[in-house]
Undergrad: 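Dropping the structure in here first, questions after.
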Amino acid sequence: MLNADFFRRWMTVTAASVDREAERLTELDSPIGDADHGSNLQRGFTAVTAALEKDAPDTPGAVLALAGRQLISTVGGASGPLYGTLLRRTGKALGDAPEVTGEQLTDALRTGVDAVMALGGAAPGDKTMIDALVPAVDALAESFAAAKSAAEEGAVATTPLQARKGRASYLGERSIGHQDPGATSSALLIAALVEAAGE
(Lines give C-alpha, C1' and ligand atoms only; values in the text may rest on other atoms or scores of the structure.)
Protein backbone atom coordinates (compact mmCIF):
# COMPACT_ATOMS: atom_id res chain seq x y z
CA MET A 1 0.00 0.00 0.00
CA LEU A 2 1.15 3.53 -0.82
CA ASN A 3 0.58 6.26 1.77
CA ALA A 4 1.01 10.04 1.84
CA ASP A 5 4.68 9.66 2.79
CA PHE A 6 5.32 7.73 -0.42
CA PHE A 7 3.64 10.43 -2.51
CA ARG A 8 5.59 13.19 -0.76
CA ARG A 9 8.80 11.25 -1.51
CA TRP A 10 7.70 10.88 -5.14
CA MET A 11 7.37 14.66 -5.46
CA THR A 12 10.66 15.46 -3.66
CA VAL A 13 12.59 12.87 -5.70
CA THR A 14 11.07 14.37 -8.86
CA ALA A 15 12.12 17.84 -7.71
CA ALA A 16 15.70 16.63 -7.16
CA SER A 17 15.75 14.98 -10.62
CA VAL A 18 14.43 18.12 -12.30
CA ASP A 19 17.06 20.14 -10.43
CA ARG A 20 19.80 17.82 -11.64
CA GLU A 21 18.52 17.67 -15.24
CA ALA A 22 17.31 21.28 -15.62
CA GLU A 23 20.17 22.29 -17.89
CA ARG A 24 19.67 19.26 -20.14
CA LEU A 25 15.91 19.90 -20.35
CA THR A 26 16.55 23.49 -21.37
CA GLU A 27 19.13 22.34 -23.95
CA LEU A 28 16.53 20.00 -25.45
CA ASP A 29 13.99 22.83 -25.44
CA SER A 30 16.39 25.29 -27.07
CA PRO A 31 16.12 24.19 -30.74
CA ILE A 32 12.38 23.41 -30.69
CA GLY A 33 10.89 25.53 -27.89
CA ASP A 34 11.50 28.63 -25.76
CA ALA A 35 14.66 27.30 -24.04
CA ASP A 36 12.98 27.55 -20.63
CA HIS A 37 11.56 24.08 -19.93
CA GLY A 38 14.24 23.16 -17.38
CA SER A 39 14.20 26.47 -15.53
CA ASN A 40 10.38 26.60 -15.49
CA LEU A 41 10.01 23.09 -14.06
CA GLN A 42 12.83 23.70 -11.60
CA ARG A 43 10.99 26.73 -10.23
CA GLY A 44 7.72 24.78 -10.10
CA PHE A 45 9.05 21.72 -8.29
CA THR A 46 11.04 23.87 -5.86
CA ALA A 47 7.71 25.48 -4.95
CA VAL A 48 6.10 22.02 -4.64
CA THR A 49 8.80 20.87 -2.21
CA ALA A 50 8.46 24.05 -0.12
CA ALA A 51 4.66 23.72 -0.01
CA LEU A 52 4.83 20.06 1.06
CA GLU A 53 7.31 20.91 3.82
CA LYS A 54 4.99 23.62 5.10
CA ASP A 55 1.69 21.79 4.73
CA ALA A 56 2.36 17.98 4.53
CA PRO A 57 -1.10 16.73 3.47
CA ASP A 58 -2.01 13.36 5.00
CA THR A 59 -3.56 11.55 2.02
CA PRO A 60 -2.03 10.60 -1.36
CA GLY A 61 -4.72 12.51 -3.24
CA ALA A 62 -4.13 15.69 -1.23
CA VAL A 63 -0.36 15.52 -1.80
CA LEU A 64 -0.82 15.40 -5.59
CA ALA A 65 -3.56 18.04 -5.57
CA LEU A 66 -1.29 20.44 -3.66
CA ALA A 67 1.63 19.71 -6.01
CA GLY A 68 -0.58 20.31 -9.04
CA ARG A 69 -1.84 23.64 -7.70
CA GLN A 70 1.74 24.80 -7.04
CA LEU A 71 2.85 23.92 -10.57
CA ILE A 72 -0.09 25.74 -12.14
CA SER A 73 0.60 28.87 -10.10
CA THR A 74 4.41 28.98 -10.47
CA VAL A 75 5.32 27.50 -13.88
CA GLY A 76 5.03 29.61 -17.00
CA GLY A 77 4.23 28.42 -20.50
CA ALA A 78 2.33 25.21 -21.21
CA SER A 79 4.23 23.07 -18.71
CA GLY A 80 2.48 24.45 -15.60
CA PRO A 81 -1.10 23.80 -16.72
CA LEU A 82 -0.20 20.41 -18.25
CA TYR A 83 1.79 19.07 -15.30
CA GLY A 84 -0.59 20.70 -12.85
CA THR A 85 -3.57 19.04 -14.54
CA LEU A 86 -1.78 15.68 -14.56
CA LEU A 87 -1.13 15.74 -10.81
CA ARG A 88 -4.40 17.37 -9.74
CA ARG A 89 -6.57 15.00 -11.75
CA THR A 90 -4.56 11.99 -10.57
CA GLY A 91 -4.97 13.22 -6.99
CA LYS A 92 -8.70 13.79 -7.44
CA ALA A 93 -9.09 10.27 -8.84
CA LEU A 94 -7.37 8.86 -5.73
CA GLY A 95 -9.95 10.58 -3.54
CA ASP A 96 -9.57 10.81 0.25
CA ALA A 97 -8.15 7.33 0.89
CA PRO A 98 -5.25 7.34 3.42
CA GLU A 99 -3.53 4.57 1.43
CA VAL A 100 -3.85 3.36 -2.16
CA THR A 101 -2.76 0.26 -4.05
CA GLY A 102 -0.47 0.22 -7.07
CA GLU A 103 -3.52 -0.64 -9.15
CA GLN A 104 -5.41 2.40 -7.87
CA LEU A 105 -2.41 4.61 -8.68
CA THR A 106 -2.30 3.17 -12.20
CA ASP A 107 -6.00 3.89 -12.76
CA ALA A 108 -5.72 7.39 -11.27
CA LEU A 109 -2.64 8.25 -13.32
CA ARG A 110 -4.47 7.11 -16.46
CA THR A 111 -7.26 9.54 -15.56
CA GLY A 112 -4.63 12.28 -15.18
CA VAL A 113 -3.00 11.46 -18.52
CA ASP A 114 -6.41 11.48 -20.23
CA ALA A 115 -7.03 14.95 -18.76
CA VAL A 116 -3.69 16.18 -20.15
CA MET A 117 -4.59 14.79 -23.59
CA ALA A 118 -7.95 16.55 -23.44
CA LEU A 119 -6.35 19.84 -22.34
CA GLY A 120 -3.50 19.87 -24.87
CA GLY A 121 -5.23 18.00 -27.67
CA ALA A 122 -2.20 15.73 -28.06
CA ALA A 123 -2.17 12.01 -28.83
CA PRO A 124 0.66 9.46 -28.84
CA GLY A 125 2.99 10.16 -31.77
CA ASP A 126 2.53 13.95 -31.63
CA LYS A 127 5.98 14.43 -30.00
CA THR A 128 4.83 15.61 -26.57
CA MET A 129 4.90 14.45 -22.94
CA ILE A 130 2.08 12.03 -23.87
CA ASP A 131 4.63 9.88 -25.74
CA ALA A 132 6.32 9.09 -22.41
CA LEU A 133 3.23 9.04 -20.18
CA VAL A 134 0.95 6.69 -22.13
CA PRO A 135 3.44 3.79 -22.36
CA ALA A 136 4.42 4.43 -18.72
CA VAL A 137 0.84 4.04 -17.49
CA ASP A 138 0.40 0.92 -19.64
CA ALA A 139 3.52 -0.61 -18.04
CA LEU A 140 2.71 0.55 -14.50
CA ALA A 141 0.47 -2.48 -13.93
CA GLU A 142 3.62 -4.61 -14.17
CA SER A 143 5.95 -2.54 -11.94
CA PHE A 144 7.39 0.92 -11.30
CA ALA A 145 10.63 -0.22 -12.99
CA ALA A 146 8.71 -1.29 -16.12
CA ALA A 147 6.94 2.08 -16.18
CA LYS A 148 10.29 3.88 -15.87
CA SER A 149 11.74 1.93 -18.82
CA ALA A 150 8.63 2.51 -20.92
CA ALA A 151 8.68 6.27 -20.22
CA GLU A 152 12.38 6.58 -21.05
CA GLU A 153 11.95 4.59 -24.28
CA GLY A 154 8.93 6.72 -25.16
CA ALA A 155 10.93 9.93 -24.64
CA VAL A 156 13.82 8.73 -26.84
CA ALA A 157 11.33 7.60 -29.50
CA THR A 158 10.16 11.23 -29.95
CA THR A 159 13.50 12.13 -31.59
CA PRO A 160 12.61 11.07 -35.18
CA LEU A 161 9.04 12.37 -34.95
CA GLN A 162 7.71 15.60 -36.42
CA ALA A 163 5.95 17.65 -33.75
CA ARG A 164 2.22 18.02 -34.31
CA LYS A 165 1.33 19.83 -31.08
CA GLY A 166 2.82 22.52 -28.88
CA ARG A 167 5.48 25.11 -29.60
CA ALA A 168 7.66 22.66 -31.58
CA SER A 169 4.88 22.06 -34.13
CA TYR A 170 5.49 25.55 -35.57
CA LEU A 171 8.85 24.31 -36.84
CA GLY A 172 7.34 21.59 -39.01
CA GLU A 173 10.03 19.26 -40.36
CA ARG A 174 12.75 21.12 -38.47
CA SER A 175 11.42 19.57 -35.27
CA ILE A 176 12.59 16.14 -36.52
CA GLY A 177 15.80 14.89 -34.91
CA HIS A 178 15.26 16.51 -31.50
CA GLN A 179 14.11 14.63 -28.39
CA ASP A 180 11.01 16.22 -26.91
CA PRO A 181 11.75 18.04 -23.63
CA GLY A 182 8.25 17.43 -22.22
CA ALA A 183 8.51 13.69 -22.82
CA THR A 184 11.97 13.77 -21.23
CA SER A 185 10.78 15.55 -18.07
CA SER A 186 7.75 13.21 -17.90
CA ALA A 187 10.17 10.27 -17.89
CA LEU A 188 11.91 11.88 -14.87
CA LEU A 189 8.57 12.05 -13.06
CA ILE A 190 7.89 8.36 -13.72
CA ALA A 191 11.46 7.30 -12.88
CA ALA A 192 11.08 9.02 -9.50
CA LEU A 193 8.45 6.40 -8.55
CA VAL A 194 11.19 3.74 -8.45
CA GLU A 195 13.41 5.76 -6.12
CA ALA A 196 10.46 6.81 -3.95
CA ALA A 197 9.55 3.14 -3.52
CA GLY A 198 13.19 2.29 -2.71
CA GLU A 199 13.30 -0.25 -5.57
Side-chain angles (χ1 to χ4, degrees), residues 11 14 17-18 21-22 25-26 28-45 47-48 64-94 105-140 147 150-193:
M11 292 298 103
T14 301
S17 298
V18 166
E21 297 288 331
L25 292 174
T26 292
L28 289 173
D29 195 34
S30 192
I32 59 172
D34 293 324
D36 59 1
H37 189 62
S39 53
N40 277 347
L41 277 188
Q42 199 173 20
R43 185 170 65 249
F45 276 100
V48 167
L64 294 187
L66 176 64
R69 284 197 304 275
Q70 286 298 318
L71 291 173
I72 288 170
S73 64
T74 55
V75 180
S79 301
L82 292 169
Y83 270 104
T85 295
L86 175 68
L87 295 179
R88 280 177 67 185
R89 290 300 290 274
T90 301
K92 192 176 173 190
L94 290 173
L105 172 57
T106 302
D107 291 344
L109 198 55
R110 196 179 298 280
T111 300
V113 172
D114 287 345
V116 171
M117 286 200 275
L119 177 66
D126 284 345
K127 199 182 181 94
T128 69
M129 63 196 291
I130 295 304
D131 291 308
L133 291 172
V134 166
V137 172
D138 289 342
L140 199 56
E152 287 168 353
E153 284 165 20
V156 171
T158 62
T159 305
L161 300 177
Q162 179 172 330
R164 293 200 289 259
K165 289 287 172 194
R167 181 84 172 70
S169 65
Y170 304 150
L171 295 174
E173 288 183 2
R174 282 179 299 148
S175 64
I176 295 170
H178 299 283
Q179 186 170 319
D180 183 65
T184 307
S185 58
S186 293
L188 294 178
L189 174 74
I190 300 298
L193 283 167

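All residue numbers in this chain count up from 1 along the given sequence. Source: prediction; values computed, not measured.
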Undergrad: Can any side-chain N or O of K127 pair as donor or acceptor with the backbone N or O of G166 at less than 3.5 Å?
TA: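 Judged by distance alone, no pair lies under 3.5 Å.
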Undergrad: Enumerate the salt bridge (charged side-chain N to carboxylate O under 4.0 Å, His left out) contacts for residues 83-92, please, sequence neighbours excluded, ordered by first and then second residue.
TA: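 Qualifying pairs: none.
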Undergrad: Residues two or more places apart in sequence or in another chain: which of them pass salt bridge (charged side-chain N to carboxylate O under 4.0 Å, His left out) with R43?
TA: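 Not a single residue meets the salt bridge (charged side-chain N to carboxylate O under 4.0 Å, His left out) criterion with R43.
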Undergrad: Testing the basics here: between T74 and A47, what is the closest heavy-atom pair and its distance to 0.1 Å?
TA: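 Heavy-atom minimum between the residues: CG2-CB, 3.8 Å.
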Undergrad: Name the residue from L71, T128, I72, V116 that meets the side chain to side chain contact (heavy atoms under 4.5 Å, CB included) definition with L82.
TA: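 That would be V116; it is the only one of L71, T128, I72, V116 passing the side chain to side chain contact (heavy atoms under 4.5 Å, CB included) with L82.
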Undergrad: Search all heavy atoms of R167 against all heavy atoms of G33 and return the closest pair with its distance.
TA: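 Result for this residue pair: CG-CA, 3.8 Å.
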Undergrad: So, using side-chain contact (heavy atoms from CB on, under 4.5 Å) as the criterion, who are the partners of A65 when residues are at least two apart?
TA: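 Partners of A65 by the side-chain contact (heavy atoms from CB on, under 4.5 Å) criterion, ordered by chain and then number, come out as R69.
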Undergrad: Is a side-chain N or O of T158 found less than 3.5 angstrom from the main chain of G154, in a donor-acceptor match?
TA: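 Absent.
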Undergrad: Going by side-chain contact (heavy atoms from CB on, under 4.5 Å), name the residues that satisfy it together with Q162, two or more places apart in sequence or in a different chain.
TA: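 Partners of Q162 under the side-chain contact (heavy atoms from CB on, under 4.5 Å) test: E173, S175, I176.
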Undergrad: Go through the structure and list residues passing side-chain contact (heavy atoms from CB on, under 4.5 Å) with A108, not counting sequence neighbours.
TA: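 Expected list: T90, A93, L94.
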Undergrad: For S79, enumerate each residue passing the side-chain hydrogen bond (donor to acceptor under 3.5 Å, both in side chains) test, keeping only those at least two apart in sequence or located in another chain.
TA: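 Once residues adjacent in sequence are excluded, the partners of S79 under the side-chain hydrogen bond (donor to acceptor under 3.5 Å, both in side chains) criterion are H37.
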Undergrad: Could you state the interatomic distance from CG (L87) to CG (L189), rounded to the nearest 0.5 Å?
TA: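 CG of L189 is found 6.0 Å from CG of L87.
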Undergrad: With heavy-atom distances below 4.5 Å as the criterion, would you say the side chains of L193 and L140 are in contact?
TA: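 In short, these two side chains touch, coming nearer than 4.5 Å.
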Undergrad: Flag the pair T14 / L41 as yes when at least one side-chain heavy-atom distance between them is below 4.5 Å, and no otherwise.
TA: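 A side-chain contact is absent here, since even the closest heavy-atom pair is not under 4.5 Å.
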Undergrad: Hey, does E152 have a side-chain heavy atom less than 4.5 Å from the side chain of I190?
TA: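 The answer is no, as the side chains (C-beta and beyond) never meet within the 4.5 Å cut-off.
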Undergrad: Write down the atom of S185, the atom of Y83, and the distance for their closest heavy-atom approach.
TA: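 Smallest heavy-atom distance, with atoms named: OG-OH, 2.6 Å.
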Undergrad: Who pairs with D138 by salt bridge (charged side-chain N to carboxylate O under 4.0 Å, His left out), at least two apart in sequence or on another chain?
TA: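 R110.
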Undergrad: If only atom types and distance count, is the side chain of Y170 paired as donor or acceptor with the main-chain N or O of I32 below 3.5 Å?
TA: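 Here the side-chain-to-backbone pair does not exist.
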Undergrad: So, S186 side chain and L133 main chain: donor-acceptor pair closer than 3.5 Å or not?
TA: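 Pair absent, no side-chain N/O of S186 close to backbone of L133.
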Undergrad: Which residues satisfy the side-chain hydrogen bond (donor to acceptor under 3.5 Å, both in side chains) test with T184, sequence neighbours excluded?
TA: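 Per chain and number, T184 pairs via side-chain hydrogen bond (donor to acceptor under 3.5 Å, both in side chains) with Q179.
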Undergrad: Using the side-chain contact (heavy atoms from CB on, under 4.5 Å) criterion, which residues pair with P124? Sequence neighbours excluded.
TA: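 P124: side-chain contact (heavy atoms from CB on, under 4.5 Å) contacts with M117, I130, D131, V134.
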Undergrad: Calculate, to the nearest 0.5 Å, the distance between atoms CG and CG belonging to L86 and D114 respectively.
TA: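 Rounded to the nearest 0.5 Å, the CG-CG separation comes to 10.5 Å.
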Undergrad: If you round to the nearest 0.5 Å, how far is CG of L64 from CG of L105?
TA: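 Spacing of CG (L105) from CG (L64) equals 8.0 Å.
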Undergrad: Once salt bridge (charged side-chain N to carboxylate O under 4.0 Å, His left out) is applied, what residue pairs with a partner in residues 156-165 remain, sequence neighbours excluded?
TA: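 Every pair satisfying salt bridge (charged side-chain N to carboxylate O under 4.0 Å, His left out) with a residue in residues 156-165: D126-R164.
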Undergrad: Quick one: list whatever passes salt bridge (charged side-chain N to carboxylate O under 4.0 Å, His left out) with E21, sequence neighbours left out.
TA: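 E21 satisfies salt bridge (charged side-chain N to carboxylate O under 4.0 Å, His left out) with R24 once adjacent residues are dropped.
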Undergrad: Salt bridge (charged side-chain N to carboxylate O under 4.0 Å, His left out): which pairs involve residues 175-184, sequence neighbours left out?
TA: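 Every candidate salt bridge (charged side-chain N to carboxylate O under 4.0 Å, His left out) pair involving residues 175-184 fails, so no pair, neighbours aside, qualifies.
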Undergrad: Compare every heavy atom of A132 with every heavy atom of A183, then report the nearest pair and how far apart it is.
TA: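 Of all heavy-atom pairs spanning A183 and A132, the closest is O-CB, 3.3 Å.
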Undergrad: Determine yes or no for a side-chain-to-main-chain donor-acceptor pair under 3.5 angstrom, with D29 supplying the side chain and D36 the backbone.
TA: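 Checked: pair present.
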